[in-house]
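To start, the structure under review is shown below, and the notes come after it.
Bear in mind that the values here come from a model prediction, so they are computed numbers and not experimental data. When reading the values below, keep in mind they use all heavy atoms of this one structure, side chains included, and skip hydrogens, waters and symmetry mates.
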Amino acid sequence: MRMAAVLITPGTGTAPPPGIDPGAFQSVLSEDTYDVVADLEQCAPAVAAWAERHDEADRLATAATDLTWPGTPVLRLTGGAPLSRTLAALHDYGADQAAVIAADAPDLPRLLIGKLFRALGSADVAVCPRPPRRWRRPGRPRHPHPRPGLGRRRRPRYP
């Protein structure tokens, strides 16, 4: 079985925009990322709530339960490294292939998750790193013209 888990940690959403409650921001990020994972075909969604302390993990898991569809597994994890604990918990849950997605990636294209599962068909581990910083600058045009004025329409010249 293929599973994709959204990993929520205490550090998720700790840098909200000015005037936004950090708890609400964490909740919105987690919910949007869960929606991306829940829409995947041939893949069971899950949520992993990881924290160092048990009470913090319980708080994150309770908040995650409110965001998910009924029947979605919400894994309470403590101690150890978050990624390895999540992968071990998914394996214990019955996953043959698993992807772990950070909860602060609500705009992650589903295609990238699909590429991870495709790579897992011939490898033991597949990783999708974050894009380079220059791709993520707000306000920068995605495909600037190499020369100014290249896209302007010109009046045709008649002889």
Side-chain angles (χ1 to χ4, degrees), residues 1-52 56-143:
M1 161 173 52
R2 286 182 176 174
M3 291 189 80
V6 176
L7 177 60
I8 303 172
T9 65
T12 301
T14 55
I20 305 295
D21 175 48
F25 188 62
Q26 181 184 46
S27 177
V28 168
L29 285 176
S30 302
E31 182 178 13
D32 288 350
T33 306
Y34 170 75
D35 287 342
V36 169
V37 169
D39 286 343
L40 293 173
E41 305 238 350
Q42 300 177 0
C43 183
V47 175
W50 178 90
E52 285 289 333
E56 185 73 16
D58 288 340
R59 184 189 66 79
L60 291 173
T62 302
T65 303
D66 295 339
L67 306 175
T68 61
W69 288 98
T72 300
V74 177
L75 311 168
R76 289 175 173 86
L77 307 171
T78 57
L83 183 59
S84 62
R85 291 281 295 131
T86 303
L87 289 172
L90 291 174
H91 182 265
D92 293 344
Y93 204 81
D96 298 327
Q97 294 181 335
V100 179
I101 295 94
D104 57 357
D107 56 351
L108 179 70
R110 290 184 298 235
L111 179 64
L112 292 180
I113 302 170
K115 287 182 176 185
L116 285 174
F117 282 119
R118 182 176 180 196
L120 287 174
S122 60
D124 292 335
V125 177
V127 177
C128 179
R130 70 172 178 82
R133 192 167 202 59
R134 68 176 187 273
W135 291 359
R136 299 183 295 125
R137 278 192 211 144
R140 181 177 176 184
R142 288 185 178 220
H143 303 290

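Counting all heavy atoms, side chain and backbone alike, Pro45 lies closest to Ala38 at CB-CA, 4.0 Å. In plain terms, the two heavy atoms of Ala61 and Arg76 that are nearest each other are CB-CG, 3.3 Å. The two residues Ile101 and Ala4 come nearest to each other via the heavy atoms CD1-CB, 4.1 Å. Of all the heavy atoms in Thr68 and Tyr34, the pair that sits closest is CA-CE2, 3.6 Å. Among all heavy-atom pairs drawn from Ala51 and Ala57, the shortest one is CB-N, 3.6 Å. Taking all atoms of both residues into account, the shortest heavy-atom contact from Pro17 to Phe25 is CD-CE1, 3.6 Å.
With sequence neighbours excluded, the residues that form a side-chain contact (heavy atoms from CB on, under 4.5 Å) with Thr86 are Ala5, Leu7, Ala48, Leu77, Leu90, Val100. Residues passing the side chain to side chain donor-acceptor pair (under 3.5 Å) test with Asp21: none are found, sequence neighbours excluded.
In terms of modelled atom types and a separation under 3.5 Å, the side chain of Arg85 and the main chain of Thr78 share a donor-acceptor contact. Distance alone, capped at 3.5 Å, is enough to place a donor-acceptor pair between the Thr62 side chain and the Asp58 backbone.
Looking at Val47 and Leu67, their side chains never come closer than 4.5 Å, going by heavy atoms from C-beta outward.
To the nearest 0.5 Å, the span separating CG on Leu60 from OG on Ser30 amounts to 8.0 Å. We find the CG-CD distance between Leu116 and Gln97 to be 10.5 Å, quoted to the nearest 0.5 Å. Residue Ile20 holds its CD1 atom at 14.5 Å from CD of Gln26, rounded to the nearest 0.5 Å. Expressed to the nearest 0.5 Å, how far CD1 of Ile8 lies from CG of Asp104 amounts to 10.5 Å.
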